[in-house]
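Please read the structure below before turning to the comments.
Order of the sequence lines fixes the chain letters, A, B, ..., with proteins taken first and strands second; residue numbering starts at 1 for each chain.
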Amino acid sequence: MTQPQLEKVYEPQEVEKRWGAFWINQGYQKASPTHSGTPYTIVIPPPNVTGSLHIGHALNNTLQDILIRWRRMQGNNVLWLPGTDHAGIATQNVVERQLLADGQSREHVGREKFIQRVWEWKQQSGDTILGQLRQLGASCDWDHLRFTMDEGLSTAVREVFVRLYEEGLIYRGKRLINWCPRCLTALSDVEVEHESVTGDLYHIRYSLIDEVDTSLIVATTRPETMLGDTAVAVHPEDPRYNHLIGKQVHLPLTSRTIPIIGDSILVDREFGTGAVKITPAHDFNDFEAGERHGLAQLSLFDHSAHLDPTLLNEALVDQRLQKTIAHKPVLEARQLVVDHLKEQERLLNIEDHAMALGKCYRCKTVVEPYLSPQWFVKIQPLADPAIQAVENDTIRIIPEGWKNNYLGWMRNIKDWCISRQIWWGHQIPAWYCQTCNKDSLLQSSHAVGVTVEDHPLPERTKANCFILSDAKPLVSRTAPTACPHCKGSDFYQDPDVLDTWFSSALWPFSTLGWPEQTQDFKTFYPTATLVTGLDILFFWVARMIMMGLKFTGQVPFRDVYIHALVRDAEGQKMSKSKGNVIDPLTKMSQYGTDALRYTLAAMASPGRDIKLAEERIEGYRNFANKIWNAGRFILMHANGPVTMTPVQERTFADRWIYSRLNHLIRSVNASLEDYRFDQATSHLYHFLWHEYCDWYLELIKPTLQADEYPDTPSTRHTLLTTFEILQRLLHPFMPFLTEEIWQVLPHEGTSIMVQAYPQAQAEWDSPQDEEAFELLEQFVTTARTGRSLLDYAPSKPITLYGIAEDPTETNILRQHQAYLAHLSKSTLQIGSQKQWTSAQTLRLAVGGTTVGIMVEGHVDLKKALDRIRKQIQTKQKEATRLQGRLASPDFTAKALPDVIQESKNRLQRLNQELTLLASSDQQLQEMGIA
RNA sequence: GGGCGGAUAGCUCAGUUGGGAGAGCGCUGCCCUUACAAGGCAGAAGUCGCAGGUUCGAUCCCUGUUCCGCCUACCA
């Protein structure tokens, strides 16, 4: 039978397209509750539905695919569930920008039509990233594709919301929340990014009303908020100020007086002047202090963080200032307030101050603390079990270093603000009876959203309902038909939608059919492993654990593998604005998908960011090509008889490679068990290139190239079998290349993807052949070094002699003389040095082996001499160190016996080598070159 | 402010019961040797951040310190 042959260079594009389609057509990645094997489930971290593949996705999904393909080949019933999330704020922003281009806002088109437009946009761009995942080779079960706004998942969201509400774990309340004045919505604490900046610390003087000569100096970074101050706080035990507690100060720039209060929580006596202004409506600490002391909350800003004239008036701000700052954005207002303070000699000084500025994680706008009624999840009761699950290792976080990070965050967790003032998402299942709540539902002309000046809103959409915090909601899985109190049927549904992460938190079970007890849910939940980046540990992982435990009574996954962030070659975070983005798709078409996958896996060392340099991808492209060419070589020699004899009866080279392959199989499997993708790829690389190609293929060439050897048929069998095993071992990392090669190798089955993953076979182990090989390798390398020192071309046949100190080793060398001669391209004689033509021989000693190279013709021996002298130097140094150590009574008395023995052995060997080297030196000088 | 991680060859990184410093890429020299020049062979290259301590012995353990990242935080 004639084997098909391969092209000279591996061309990935065509190959990838072919096998990618083949796998899907054959349905190899499909999971079913009725399949055999232990279930192994991974749910994909859902990318944004309208996004496209970036390098972080490529890493994340490559690692998942490696695990999935590996477990599938091991015989597990594997489900890799793909899907996307609706990315509320981000997606809405995109569509709003599209509208803006037509001079429209979402208020113009109205809620229903707007949502319809977002669905259209999702339809149009939603498949992009899924196609890109397929291109990457991701072997997801596409029949299980889910989207966070699917009907089933939306049912799960309502179910969870209602149950949490009924248990009192969801509540609505007027609180200070993080507000993005550009997105015009509330944000949760984790959606605020903190950036260190140097701000200004303003010192302002407030005078007592009764004692005009006495004043308090307060320090603030936000002077404009002083207009909303409702008290000044000092420490109750601060002798400088505590006698002032209970007195009133005049609030500059207003006609209000505010009290001086004592508060030991808010006030740090050491900081600033020890006196703090309190603005409950604009600062989180002040809000809490205000609650403690029953202070009024005076807001100053509207929803876009501009100074609101009505509110300024209510705060009794001086008329002149009111006119100046009305409708001004915060920063402008700050400067104007400062000007006025200066004018009234109230501003003492301004100093630099390091502080953290909160920004919206979606649009980087500075976030404002904003007082408004919002929905919250009472988190502590959910957090406690989620803390325990990780503490007692029911859930393992890998690498373990992140465990404390998780626990620390969970132990300090605060209630989760889940309402968002946007339209795209799961609308909150809460309704208000218009009759019972007529005083709490205010018609507002103050539409929340972008208004475009030239396009005034139609009357009908202007009427926005503002729901006061005392309104009584009806929370229900379906829209209510009659009010239980007044039997009325006029309802207003809460217009807010839920935080996208609320639905993502249910992902591991909502995607499997929960709340129904489906076969999928019963079979594939809990999932095995979650693979994700650190950036969403709190956003997503923590919340999945809380919700999973709460609603399924089980952990959502056993292992959380946290991978690194991909940075550019300089270690900078990739971003479009910096222009340092590495596009995975470009790299895939340049170097092949397998090369990119291999690079990402190789660089996934735990606990370290990945600095991705293009040369690495190129290096692994070369690796793929190397394997390809090994495949070519093997197929060129595949024609001919093949016999299967017991491995122990095969040639030395065959026994050796089987034994080495066994190590490889063990270490790749062990590395994958430990999520050490870097180690697995490194073992595979080293073995394939530097053992299999460099040595094994070279060792067997004489056997293959001449059919008269009796061993040829069994060596041919070894060659084909080991290479086929290697393809299977490598398949999870390089799925396309291995499928392409495997299909032309002799094999059973239809696709490598569904073959068994290799397992070590104890009978392949052969430590004695491995030891013998090391001796051979040392000998050949030494001979080649000699060849190089004498500047003999690789093609020039040479005459060699060899001997080892140890007679057993000499015997081994003699036994494998033919291999040695072939690999060193020499005629070779193993035996006593007396037989060597000593006068014309360059002798090199390594370990216990001496190699003699016959010197022919006129050669420059200087290189050889330099080399020998350098070796003498380093070995002498080492010997001196060992001697010193052994001479120390402390060492011989206290060190472990085998350490002492080893040192002695090493010293002995060094001394032998030094003797040989000295004699080589002497000899070279005699040969007349010194 | 607190916490975590890192600092090892030119670059990117491995390196655990403390005992002879490794890999990949790059670099140098030779070679188009019939699988592969996206290749082969050989080679150079490192006071393991700094200073102490523990130990017979420290890249490794301890303390301090510098620099760089990240997370977190209500010092106005």
Side-chain angles (χ1 to χ4, degrees), chain A residues 6 8-10 194 201-202 218-222 225 233 265-268 270-279 283-289 353 355-356 399 401-402 404-405 408-409 412 534-535 537-538 565 567 569 571 573 591 595 602-603 605 607-613 615-616 618-637 676 678-679 681-682 685-686 689-690 693-694 697-698 701 705 781 784-789 791-796 825 863 867 878 881-882 885 888-896 898-900 902-903 906 910:
Chain A
L6 301 174
K8 191 165 176 177
V9 173
Y10 176 58
H194 294 274
L201 189 63
Y202 300 82
V218 300
T220 180
T221 54
R222 302 200 54 188
T225 65
I265 299 173
L266 182 70
V267 179
D268 174 358
E270 311 299 317
F271 186 86
T273 59
V276 193
K277 65 194 253 331
I278 301 184
T279 324
D283 182 281
F284 289 100
N285 297 319
D286 293 4
F287 178 81
E288 285 173 22
H353 181 62
M355 51 183 278
W402 300 122
N404 281 333
N405 203 322
W409 187 76
N412 282 310
L534 181 68
D535 46 341
L537 182 66
F538 306 140
L565 214 71
R567 298 168 175 279
K573 205 166 174 173
Y591 299 107
M603 305 200 70
S605 295
R608 211 183 239 275
D609 281 346
I610 295 177
K611 290 189 204 168
L612 187 59
E615 301 85 68
R616 296 300 298 264
E618 193 182 344
Y620 291 115
R621 187 269 316 258
N622 296 352
F623 176 54
N625 194 55
K626 183 78 182 177
I627 297 163
W628 179 257
N629 276 290
R632 288 182 65 220
F633 170 81
I634 288 162
L635 289 169
M636 282 174 192
H637 297 91
R676 290 301 304 264
D678 57 329
Q679 286 181 356
T681 52
S682 153
Y685 186 100
H686 187 264
W689 202 312
H690 297 301
C693 290
D694 287 353
L697 295 185
E698 296 304 325
K701 272 181 184 172
Q705 283 160 357
T781 304
R784 286 171 177 169
T785 304
R787 178 191 283 279
S788 178
L789 289 173
D791 274 332
Y792 289 156
S795 51
K796 177 187 162 65
K825 201 164 178 63
K863 243 204 250 179
R867 157 104 181 170
E878 173 73 8
R881 226 187 51 176
L882 281 170
R885 177 191 289 182
S888 151
D890 275 337
F891 178 72
T892 45
K894 293 174 186 169
L896 292 168
D898 55 332
V899 171
I900 299 171
E902 204 218 328
S903 297
R906 239 165 58 212
L910 276 171

Which atom names give the shortest non-hydrogen contact between A:Phe891 and A:Ser903, and what distance separates them?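 Scanning both residues, the minimum pair turns out to be CZ-OG, 4.0 Å.
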
Complementary nucleotide for [N] - Watson-Crick or wobble, under 3.5 Å:
N	answer
B:C50	B:G64
B:G1	B:U72
B:C11	B:G24
B:C56	B:G19
B:G39	B:C31

Side-chain N or O of [X] less than 4.0 angstrom from OP1 or OP2 on [N]?
X	N	result
A:Lys626	B:G40	yes
A:Arg867	B:G43	yes
A:Lys701	B:A35	yes

Separation of [Y] [atom2] from [X] [atom1] (nearest 0.5 Å):
X	Y	atom1	atom2	result
A:Thr279	A:Asp286	OG1	CG	5.0 Å
A:Ile634	A:Asn629	CD1	CG	10.5 Å
A:Lys626	A:Tyr685	NZ	OH	9.5 Å
A:Arg784	A:Leu789	CZ	CG	14.5 Å

Rounded off to whole Å, could you give me the [atom1]-to-[atom2] distance for the [X] and [N] pair?
X	N	atom1	atom2	answer
A:Trp628	B:A38	CH2	C1'	14 Å
A:Phe891	B:G18	CZ	P	16 Å
A:Leu789	B:C41	CG	P	17 Å
A:Asn412	B:C4	CG	C1'	15 Å
A:Arg632	B:G39	CZ	C1'	12 Å
A:Ile634	B:C36	CD1	C1'	12 Å
A:Glu698	B:A35	CD	C1'	9 Å
A:Trp689	B:A35	CH2	C1'	12 Å

Euclidean distance for [atom1], [N] against [M] (whole angstrom):
N	M	atom1	value
B:C48	B:U33	P	44 Å
B:A76	B:C67	P	23 Å
B:A21	B:C74	C1'	49 Å
B:U63	B:G1	C1'	22 Å
B:U28	B:C68	C1'	33 Å
B:C30	B:A23	C1'	24 Å
B:G18	B:G53	C1'	15 Å
B:C75	B:G2	P	12 Å

Please determine, for the side chain of [X], which listed nucleotide ([options]) has the closest atom?
X	options	result
A:His194	B:A73, B:A76, B:U12	B:A73
A:Asn629	B:C75, B:G43, B:C36	B:C36
A:Lys611	B:U12, B:A35, B:A76	B:U12
A:Pro794	B:C31, B:A76, B:A14	B:C31
A:Tyr685	B:A42, B:A76, B:G24	B:G24
A:Leu697	B:A35, B:G20, B:C56	B:A35
A:Ser605	B:C13, B:C56, B:C36	B:C13
A:Asn405	B:A73, B:C71, B:G24	B:C71
A:Thr785	B:A42, B:C36, B:G39	B:A42
A:Arg676	B:G15, B:G24, B:C41	B:G15

Whether A:Phe538 and A:Trp409 hold their rings parallel, tilted or perpendicular, with breakpoints at 30° and 60°: parallel

Parallel, tilted or perpendicular: which one describes the rings of A:Trp628 and A:Tyr10, with boundaries at 30° and 60°?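 Rings of A:Trp628 and A:Tyr10: tilted, 30 to 60°.
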
Does [X] reach a base, just sugar-phosphate, or nothing at all? Heavy atoms under 4.0 Å.
X	result
A:Ala219	base
A:Thr892	nothing
A:Lys863	nothing
A:Ser682	nothing
A:Gly786	nothing
A:His686	nothing
A:Glu270	nothing
A:Asp694	sugar-phosphate
A:Val9	base
A:Ala356	base
A:Phe538	sugar-phosphate
A:Tyr792	nothing

Is there a donor and acceptor pair closer than 3.5 Å between the side chain of A:Arg621 and the base of B:A38? yes

Is it possible for you to check whether A:Arg621 lies under 6.0 Å from the centre of the six-membered ring of A:Tyr591, through NZ or CZ, and within 45° of that ring's axis?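 That pair does not qualify as a cation-pi contact.
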
Find out whether the Lys NZ or Arg CZ of A:Lys701 is both under 6.0 angstrom from the six-membered ring centre of A:Phe633 and within 45° of the ring's axis. yes

Just checking, any donor-acceptor pair under 3.5 angstrom between side chains of A:Lys863 and A:Ser788?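 The criterion, which ignores hydrogens and geometry beyond distance, is not satisfied for A:Ser788 and A:Lys863.
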
Which residue, A:Ser795 or A:Asn404, contacts RNA chain B at a nucleotide closer to its 5' end, judged by nearest heavy atom? A:Asn404

